[in-house]
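Here is the structure we will look at.
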Amino acid sequence: MKVLVAVKRVIDYNVKIRVKPDHSDVDLTNVKMAMNPFCEIAVEEAVRLKEKGVASEVVAVTVGPKAAQEQLRTALALGADRAIHVESDERVESLGAAKALAKLVEEEQPGLVILGKQAIDTDNNQTGQMLAALTGLPQGTFASEVVISGDGADGKLQVTREIDGGLQTVELSLPAIVTTDLRLNEPRYAKLPDIMKAKKKPLDVKSPADLGVEVATRTKLLRVEPPAERQGGIKVGSVDELVDKLKNEAKVIS
Amino acid sequence: MSILVLAEHHDGALAGATAHVVAAAKAIGGDIDVLVAGEGVAAIAEAAAKLDGVNRVRVADNAAYAHQLAEPMSALINELAGDYSHVLAAASTTGKNVLPRVAALRDVAQISEIIAVESPDTFKRPIYAGNAIATVQSDDALKVITVRTTGFDACPDRGSEGGSAGVEAVDFVADNSQSTFIKEELAQSDRPELGAAKVVISGGRGMGNGDNFKLLEGIADKLGAAVGASRAAVDAGFVPNDMQVGQTGKIVAPELYIAVGISGAIQHLAGMKDSKVIVAINKDEEAPIFQVADYGLVADLFEALPELEQKL
Ligand SMILES: Cc1cc2nc3c(=O)[nH]c(=O)nc-3n(C[C@H](O)[C@H](O)[C@H](O)COP(=O)(O)OP(=O)(O)OC[C@H]3O[C@@H](n4cnc5c(N)ncnc54)[C@H](O)[C@@H]3O)c2cc1C
Ligand SMILES: Nc1ncnc2c1ncn2[C@@H]1O[C@H](COP(=O)(O)O)[C@@H](O)[C@H]1O
């Protein structure tokens, strides 16, 4: 079974972002970029499926600017077999990415597609669900465990999902779309020899026009502002002082 | 304008989140319908009909919607969406699972987790873990939106004199051969729900193990608080996933948030920094959590917590 993994280039999760002075967007010049953490988990899961002999091939895909090839190379170093870059310099959000991915699903016919649950830049949490709708496939979102049984038309997938109240398990027919939650696995680090080998793995570049899709975002970003700053507080010297402040100053307990 | 709100419900009861979403719908303006989908949901529909501002409740009562799986739910909403300018749901795991699928079926974008309504087509939403607030405008004919419930005060009930909105059945039954519900393991607790509690006390990696969360529970009992956790505490297996507060967990904004043994990573702050009063208890005086805390106590939690419980 072929597994397609979608990876997105985003700001490194440790970076504290700044808003541009003209409020047009967040300032990304000279900011460290990385693979979205949930996509790392997606790649790891796909690679583990290959190591277990469930997956025959792992194909990493991204939609974005030329620089996003870095993240595809990372995926290749982590164990993906080949990569597809849908190159676009325009602002791409979830629906556009999902449309490009849907075309690739049509071309590649994977048995499983794994995405992150959420990109930590837009915090959208949409693409996997949209891809499922566009391809007419079932979805297992926010996965903390994935178990595959059988293959081809009899193939089934049990997905344990992290939901507000706890955990939910659903069974899906294959092919299916899965989005990863934090506890699905712990991603490995790429080793130097694998990073070297990754440079020789195949990476195809396509344009959205090649796929016959429009990926540009239709929603207008009118303004970006920093959030309201919290006033710095004080340190209290003891539990007694804390209780006193909460009762008499903040008046949040009685 | 006419707005369809997807009702959130659990265990046979309308969830509090729904009243917050109706409040967001009122801020947009127009006729508001509420969709209640599930199996055996008559009582939930009655409760939804009592919400102030609701025009009509549409009820899809069928086994097909029993566990609100995304495939049949999105087919149902897609069927109804033609009547509306906006479709809204809470940014809960149900709303997040179902609504993007509806948006893609209608070939429109989704606007996730709005915290304010500027006009019927313009909304504010946090991005980058809440470190920036974006104002976005959608030209799509149908706006598909999830609502961060902490951004909108719950709309009230109509009161005893106010009567009820009309309740109408929806006959559409989605067929679904692709997904099946297997089981659910839900946390049982007598404490208030994280999203709705006036006081939240959360523990992090500093708690050391799951047993030590009892130290928080004693205080939670005295304050009527919900108990939350950082990702590190959940990953370490101290407590279940439904307790995680943060960018990728639950978003809370209580009157009082007490962070214990939590360092204050941006991903955690994203889930609690809109709380009215923040208290941090941490033995490291350099911990970033102190930068957002109104009251910081530099102390070993194993000494501070028993004392705090006793003095409350
Ligand atoms: C994609 C992504 C999403 C994430 N989403 C979330 C999220 O939703 N929520 C979330 O919380 N995190 C999230 N994180 C993780 C986040 O980056 C931090 O790793 C996490 O919040 C750290 O948890 P912590 O503060 O409990 O642990 P630590 O950072 O290890 O801090 C433990 C603290 O406990 C203190 N301590 C230790 N012992 C004691 C003692 N005896 N008494 C008092 N204090 C003590 C220490 O001084 C320290 O400050 C996410 C990360 C990523 C990459
Ligand atoms: N431009 C993109 N290219 C490839 N994958 C993407 C892109 N945007 C989103 N995704 C995938 O969808 C997941 C969720 O993103 P989102 O729904 O946009 O928050 C990410 O973790 C990726 O796996």
Side-chain angles (χ1 to χ4, degrees), chain A residues 11 13 16-17 19 26 93-95 98 118 120-126 129-130 132-134 137-139 141-142 144 158 162-173 182-183 217-227 230 232-236 239-240 242-243 245-246 250 252-253, chain B residues 10 69-71 74 92-93 96-97 100-101 103-105 109-110 112-113 122 126-140 178-187 223 231 235 240-242 248 255-256 266 273 277 279 291-298 304 307-308 311-312:
Chain A
I11 192 164
Y13 80 97
K16 179 135 200 305
I17 54 101
V19 169
V26 161
E93 273 197 13
S94 306
L95 182 62
Q118 170 174 345
I120 61 162
D121 50 2
T122 62
D123 281 332
N124 265 351
N125 194 333
Q126 305 173 356
Q129 299 85 317
M130 288 179 156
L134 296 175
L137 295 177
Q139 69 190 50
T141 53
F142 326 145
S144 64
Q158 278 211 0
E162 294 202 2
I163 60 169
D164 288 337
L167 296 172
Q168 179 189 67
T169 306
V170 292
E171 186 169 86
L172 310 177
S173 56
L182 294 169
R183 281 157 286 269
T217 300
R218 283 179 290 186
T219 310
K220 286 197 209 86
L221 185 61
L222 299 183
R223 193 180 158 80
V224 176
E225 296 155 284
R230 273 195 90 89
I234 58 158
K235 292 249 169 70
V236 292
V239 170
D240 282 320
L242 177 62
V243 172
K245 293 281 186 200
L246 292 177
V252 283
I253 61 173
Chain B
H10 309 285
L69 299 184
E71 297 78 9
S74 56
S92 62
T93 47
K96 287 173 176 172
N97 192 34
R101 205 170 160 115
L105 291 173
Q110 173 178 286
S112 293
E113 302 225 13
T122 305
I127 53 176
Y128 293 88
N131 288 303
I133 307 295
T135 305
V136 294
Q137 184 179 31
S138 157
D139 296 335
D140 285 323
Q178 295 183 312
S179 61
T180 326
F181 172 83
I182 303 288
K183 64 175 179 189
E184 244 162 29
E185 294 153 59
L186 300 182
L223 296 176
R231 174 189 169 186
D235 284 3
N241 65 283
D242 58 279
T248 56
E255 298 281 303
L256 172 62
I266 51 175
K273 72 180 158 59
V277 174
V279 169
Q291 290 163 22
V292 300
D294 299 283
Y295 303 108
L297 178 64
V298 181
E307 188 183 344
L308 181 60
K311 290 188 169 151
L312 283 172

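Chain identifiers are assigned alphabetically (A, B, ...) following the order of the sequence lines, protein sequences preceding nucleic acid strands; residue numbering begins at 1 within each chain.
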How many angstroms lie between [atom1] in [X] and [atom2] in [Y], if you round to the nearest 0.5 Å?
X	Y	atom1	atom2	value
A:Q158	B:I182	CD	CD1	4.5 Å
A:L167	B:L186	CG	CG	8.5 Å
B:H10	A:D164	NE2	CG	6.5 Å
B:N131	A:K16	CG	NZ	5.0 Å
A:N124	B:K96	CG	NZ	11.0 Å
A:T122	B:E113	OG1	CD	10.5 Å

[X] versus chain B, heavy atoms under 4.5 Å apart: side chain, backbone, both or neither?
X	result
A:A250	both
A:L182	both
A:E171	both
A:V26	side chain

Side chain, backbone, both or neither: which part of [X] has a heavy atom under 4.5 Å from chain A?
X	result
B:L297	both
B:I266	side chain
B:A132	both
B:S92	both

Practice prompt. Look only at the side chain of A:R223 and the backbone of B:T135, and say whether a donor-acceptor pair between them is shorter than 3.5 Å.
Written response: no

Discussion item. Whether the side chain of A:D123 engages the backbone of B:A129 through a donor-acceptor N/O pair (distance < 3.5 Å, no angle test) should be reported.
Written reply: yes

Discussion item. List the residues meeting side chain to side chain donor-acceptor pair (under 3.5 Å) with B:K311, not counting sequence neighbours, and say none if there are none.
Written reply: A:D240, B:E307

Fill in: With A:Q126 via side chain to side chain donor-acceptor pair (under 3.5 Å) - residues at least two apart
A:S94, B:S112

Worksheet item: Taking atom types as modelled and ignoring hydrogens, do the side chains of B:N97 and A:Q139 form a donor-acceptor contact shorter than 3.5 angstrom?
Response: yes

Discussion item. Heavy-atom pairs under 4.5 Å with chain B: which of A:S173, A:S144, A:G233, A:G165 has the most?
Written reply: A:G165

What are the two closest heavy atoms between [X] and [Y], and how far apart are they?
X	Y	value
A:F142	B:T93	CE1-O, 3.6 Å
B:I127	A:D121	CB-O, 3.5 Å
B:A134	A:L221	CB-CD1, 3.7 Å
A:M130	B:Q110	CE-N, 3.8 Å

Worksheet item: Quick one: do B:D139 and A:K220 make a salt bridge, cutoff under 4.0 Å?
Response: yes

Worksheet item: Quick one: of B:P126, B:P100, B:A103, who has the most non-hydrogen atom pairs under 4.5 Å with chain A?
Response: B:P100

